[in-house]
Amino acid sequence: MTKLPSVLITGASSGIGATYADRFARRGHDLVLVARDGARMEALAARLRQDTGVAIDILPADLTQREDLARVEARLREDETIGILINNAGAALSGAFDEQSLDDIERLVALNTTAVVRLANVAASRFAKAGSGAIINIASVVGLVPEFGQTVYGATKAFVTFLSQGMTHELAPKGVYVQAVLPAATATEIWQRAGADTSTLHTMMRVDELVDAALVGFDRRETITIPPLPDAAQWDSYQAARQAMLPGFANARAAERYRAAS
Ligand code: NAP
């Protein structure tokens with residue numbers, strides 16, 4: 001029997017990433033777990049090794065630090081057993097845009113975009129040469145909703161969705177599958193870590209329901225998976241509206257409304 005590809009999961013110490021680790025271990029995949037909290041990942045790995053018998057490596061790394069990120073990139077580049085990357089590590093940032101600190105914004109952008117695109121690029125290069133592989137990028141519905149007022153977080157997640165769509169366009173013909181998962185509010189530690197109100201956690205989607213739904217989308221090879229959205233046709237209409245503008249983008253003349261009256 002051919003061996004299943006190993007799965008490298010970032011942000012695997014808690015929440016969505018830890019749940020993906022559980023599900024892929026139960027599917028029989030070996031794992032490489034990445035996050036800062038090595039002890040927490042060891043505890044998860046010990047439980048999963050015992051329950052499932054898969055091999056699990058722990059790679060502690062702070063993905064906002066270039067040297068740590070480089071170690072994860074090297075592992076992805078050199079370990080040919082890894083055939084699935086889950087770009088999940090991420091954080092949120094509370095407060096109004098004009099009151100957020102530049103350092104906090106820079107750290108968020110480093111984690112939610114720079115690390116994601118660097119790891120995606122390294123994985124895509126090797127997977128495209130091999131003609132197979134899968135990349136799951138965890139975005140967010142917040143990236144579609146500027147009205148939520150989470151401007152920087154939402155912008156990083158819009159980046160991840162666009163990145164995934166562009167990667168699909170370029171990489172599907174080379175045999176590489178890319179999925180963007182857009183969760184809405186899900187009960188994890190992200191809220192507490194961002195200093196947000198946690199009193200409504202019990203009304204949010206449970207993390208296991210979110211990941212199990214996302215895996216249904218993965219198995220169907222969806223490009224975009226939005227677990228809480230009841231009407232999938234709404235997403236299709238949204239894409240159709242965008243694509244309907246494409247001929248207009250090709251005009252060499254400014255639109256009539258912008259031409260100076262002579
Ligand atoms: P979480 O429980 O806080 O998990 C975040 C994970 O990222 C943890 O494993 C954390 O581990 C890791 N991480 C944080 N900073 C890191 C850093 N500098 N370097 C390496 N790893 C780091 O939150 P979650 O909800 O599962 O978040 C997972 C993804 O889902 C994020 O991308 C988030 O934006 C997205 N998402 C969440 C929701 C939601 O409502 N929960 C909604 C939409 C999208 P360590 O602390 O050990 O490093």
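Owing to the predicted nature of the structure, the values given are computational and were not obtained by experimental measurement.
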For this session: Please test I86 against F24 for side-chain contact (heavy atoms from CB on, under 4.5 Å), starting from the C-alpha separation and ending with a verdict.
Result: CA-CA 11 Å; I86 307 182; F24 273 103; 3.6 Å; yes
For this session: Take T161 and L182, measure what side-chain contact (heavy atoms from CB on, under 4.5 Å) needs, and give me the verdict at the end.
Result: CA-CA 8 Å; T161 301; L182 280 65; 3.9 Å; yes
For this session: Using the side-chain contact (heavy atoms from CB on, under 4.5 Å) rule, take W235 and L144 through it: C-alpha gap first, then chi angles, then the decisive distance, then the call.
Result: CA-CA 11 Å; W235 174 262; L144 300 173; 3.9 Å; yes
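By the 4.5 Å heavy-atom criterion applied to side chains, V32 and V7 are not counted as neighbours. Looking at D62 and R36, their side chains come closer than 4.5 Å, going by heavy atoms from C-beta outward. In this structure, I16 and I190 have side chains that are not in contact, with every pair of non-hydrogen atoms separated by 4.5 Å or more. Between I138 and P183, the closest side-chain pair of non-hydrogen atoms falls below 4.5 Å. Counting only heavy atoms from C-beta outward, the side chains of V72 and L8 approach each other to under 4.5 Å. Counting only heavy atoms from C-beta outward, the side chains of F159 and V117 approach each other to under 4.5 Å.
When the side-chain contact (heavy atoms from CB on, under 4.5 Å) test is applied to A214, the partners found at least two apart in sequence or on another chain are Y20, V181.
Remark: I56 CD1 to R47 CZ distance equals 9.0 Å, nearest 0.5 Å. Atom OG in S125 sits 10.0 Å away from atom CG in L76 (nearest 0.5 Å). Considering CD1 of I105 and OG1 of T156, their distance stands at 11.5 Å, rounded to 0.5 Å. Distance check: I9 CD1 to H29 NE2 gives 10.0 Å after rounding to the nearest 0.5 Å. For the atom pair CD1 of I135 and OG1 of T168, the computed distance is 9.0 Å after rounding to the nearest 0.5 Å. To the nearest 0.5 angstrom, Q150 atom CD is 9.0 Å from S94 atom OG.
In the hydrophobic clustering of this structure, M205 does not group with V216; members are Ile, Leu, Val, Met, Phe, Trp, Tyr whose side-chain heavy atoms approach within less than 4.5 Å, directly or through other members. Linking ILVMFWY residues whenever their side-chain heavy atoms come closer than 4.5 Å, directly or via other members, places W191 and V142 in the same cluster. Clustering ILVMFWY residues whenever any of their side-chain heavy atoms sit less than 4.5 angstrom apart, transitively, puts V122 in the very cluster that holds L111. Hydrophobic clustering, with ILVMFWY side chains joined whenever heavy atoms are under 4.5 angstrom apart, keeps V211 apart from V34. Follow the hydrophobic side-chain contacts under 4.5 Å out from V54 and you never reach L59; the two are in separate clusters.
Cation-pi contact between R221 and F218: present, with separation from the ring centre below 6.0 Å and deviation from the ring axis of at most 45°.
A donor-acceptor pair under 3.5 Å links the side-chain atoms of S101 to the main chain of D104, judged by distance alone. For the pair E42 (side chain) and I58 (backbone), a donor-acceptor distance under 3.5 Å is absent. In this structure a side-chain-to-backbone donor-acceptor pair under 3.5 Å is present from R126 to D79. Remark: the backbone N or O of A254 is paired with a side-chain donor or acceptor of R259 at under 3.5 angstrom. The backbone N or O of T10 lies less than 3.5 Å from a partner atom in the side chain of N88, making a donor-acceptor pair. The main-chain N or O of T200 is found under 3.5 Å from a side-chain atom of T203 such that the two form a donor-acceptor pair.
Between the side chains of T225 and Q179, at least one donor-acceptor pair of N or O atoms lies under 3.5 Å. Using a 3.5 Å distance cut-off with no hydrogens or angles, the side chains of N137 and S164 do pair a donor with an acceptor. A donor-acceptor pair shorter than 3.5 Å cannot be found between the side chains of D37 and S13. Between the side chains of T81 and S6, at least one donor-acceptor pair of N or O atoms lies under 3.5 Å. Defined by atom type and a distance below 3.5 Å, a donor-acceptor pair is present between the side-chain atoms of S14 and R193.
Other residues, nucleotides and ligands contribute more than 12 heavy atoms inside 6.0 Å of the CD atom of Q239. The environment of L102 atom CG is sparse: at most 12 non-hydrogen atoms of other residues, nucleotides or ligands sit within 6.0 angstrom. Around atom CZ of R253, no more than 12 heavy atoms belonging to other residues, nucleotides or ligands sit under 6.0 Å away. Around the CD atom of E189, the shell of radius 6.0 Å holds more than 12 heavy atoms that belong to other residues, nucleotides or ligands. In this structure, Q50 places its CD atom where only 12 or fewer heavy-atom neighbours from other residues, nucleotides or ligands lie under 6.0 Å away.
Between A92 and Y153, the closest heavy-atom pair is CA-CD1, 3.6 Å. Nearest heavy-atom pair, P228 versus A184, reported as atom, atom and distance to 0.1 Å: CG-CB, 3.8 Å. Between A124 and M167, the shortest heavy-atom distance links the atoms CB-CE, 4.4 Å. Heavy atoms only, all atoms of each residue included: V116 and N87 are closest at O-ND2, 3.0 Å. Between A115 and L63 the shortest heavy-atom distance is CB-O, 3.8 Å. The shortest heavy-atom contact between T114 and R66 is CG2-NH2, 3.7 Å.
Salt-bridge check for K3 with D30: passed, with a basic side-chain N closer than 4.0 Å to an acidic carboxylate O. Under a 4.0 Å N-O distance rule, the pair R27/D219 qualifies as a salt bridge. A salt bridge does not link R75 to E80: none of the charged side-chain nitrogens sits closer than 4.0 Å to a carboxylate oxygen. Using a 4.0 Å cut-off between charged nitrogen and carboxylate oxygen, R107 and D103 do not count as a salt-bridge pair.
The residue from L201, L210, V207 that alone fulfils the side-chain contact (heavy atoms from CB on, under 4.5 Å) condition with T188 is V207.
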